Chemist: 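Okay, here's the structure, questions in a sec.
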Amino acid sequence: MQKLPSVNVLGGVLEPCSMAPRTGFFRDGLCNTCFEDAGSHTVCAVMTAEFLAFSAYVGNDLSTPRPELGFAGLRPGDTWCLCAGRFLQAWDEGCAPRVRLSATHARALETVPLAVLQECAEG
């Protein structure tokens, strides 16, 4: 698998999303992606209790530890590379988490309009 160029949605160099917990399709701490990343794990999001509950409700429990996968579970305040489609779904339902634009991969724009990401941007 070959990574696509590490460019963020603002056109700059992709910044790290989280090293603890280590996130990303490649578990390199960045929302890097490749053509094999069918879920497009490209949106760097700051977890909230509301989003984590929503994600579990729609079938992707990110809070429960999965030691067999080396996954401690996410808590509010953790940052994580979300699938672009899941982020857009949460936005449609009114429970989208905050986004770190500088750490969100440009490929997210194939699924999520920049205006939506900007609306949810931190700070």
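All values reported here derive from a predicted model rather than from experimental measurement. These numbers come from the heavy atoms of this one structure, side chains and all, not from hydrogens, waters or symmetry mates.
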Chemist: Verify the neighbour count for atom CD of Q2: are there more than 12 heavy atoms of other residues, nucleotides or ligands below 6.0 Å?
Modeler: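 At most 12 heavy atoms, drawn from other residues, nucleotides or ligands, come within 6.0 Å of this atom.
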
Chemist: Does any N or O in the side chain of S40 come within less than 3.5 Å of the main-chain N or O of C83, such that one atom is a donor and the other an acceptor?
Modeler: no

Chemist: Test of understanding: with side-chain hydrogen bond (donor to acceptor under 3.5 Å, both in side chains), list the residues that count as partners of T111, not counting sequence neighbours.
Modeler: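 side-chain hydrogen bond (donor to acceptor under 3.5 Å, both in side chains) list for T111, sorted by chain: empty.
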
Chemist: Please output the side-chain donor-acceptor pairs of residues 46-58 that fall under 3.5 Å, not counting sequence neighbours, one pair per line with the distance.
Modeler:
residue : atom : partner : partner atom : Å
T48     : OG1  : F51     : N            : 2.9
S55     : OG   : N60     : O            : 2.7

Chemist: Taking atom CG of L74 and atom OG of S18, what is their separation to the nearest 0.5 Å?
Modeler: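 Answer for the CG-OG pair, L74 versus S18, is 8.5 Å.
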
Chemist: Any chance you could measure L10, atom CG, to E15, atom CD, to the nearest 0.5 Å?
Modeler: 9.0 Å

Chemist: Apply the test salt bridge (charged side-chain N to carboxylate O under 4.0 Å, His left out) to residues R100 and E122: give CA-CA distance (whole Å), side-chain angles for both, the deciding distance (0.1 Å), then the verdict.
Modeler: CA-CA 6 Å; R100 291 194 178 155; E122 275 190 322; 2.9 Å; yes

Chemist: Can you give me every donor-acceptor pair (side chain of residues 19-31, partner residue at least two apart or in another chain, under 3.5 Å) with its distance?
Modeler:
residue : atom : partner : partner atom : Å
T23     : OG1  : C81     : N            : 2.8
R27     : NH1  : G24     : O            : 2.7
D28     : OD1  : L30     : N            : 3.0
D28     : OD2  : K3      : NZ           : 3.0
D28     : OD2  : N32     : ND2          : 2.8

Chemist: Are T104 and N8 packed together at the side-chain level, in the sense that at least one heavy-atom pair is separated by less than 4.5 angstrom?
Modeler: no

Chemist: Can you tell me how far apart CG (L62) and CG (L82) are? Round to the nearest 0.5 Å.
Modeler: 7.0 Å

Chemist: Might you point out which heavy atoms bring A103 and C44 nearest each other, and give the distance in Å?
Modeler: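 Minimum heavy-atom separation between A103 and C44: O-CB, 3.4 Å.
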
Chemist: Show me the pairs that pass ring-ring contact (aromatic ring centres under 6.0 Å, His included) and involve residues 76-123, at least two apart or across chains.
Modeler: F71-W80

Chemist: Would one find more than 12 heavy atoms of other residues, nucleotides or ligands at under 6.0 Å from atom CZ of R75?
Modeler: yes

Chemist: With D37, which residues qualify under side-chain hydrogen bond (donor to acceptor under 3.5 Å, both in side chains), at least two apart?
Modeler: T33, H41

Chemist: Do you know which two heavy atoms are closest between A84 and T42, and how far apart they sit?
Modeler: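 Nearest pair, atom of A84 first, then T42: CB-OG1, 3.8 Å.
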
Chemist: List in chain and number order the residues that pass side chain to side chain contact (heavy atoms under 4.5 Å, CB included) with E36, two or more places apart in sequence or in another chain; answer none if no residue qualifies.
Modeler: M1, C34

Chemist: Is there a side-chain contact between V7 and L14 in this structure, where contact means two heavy atoms from C-beta onward sitting under 4.5 Å apart?
Modeler: no

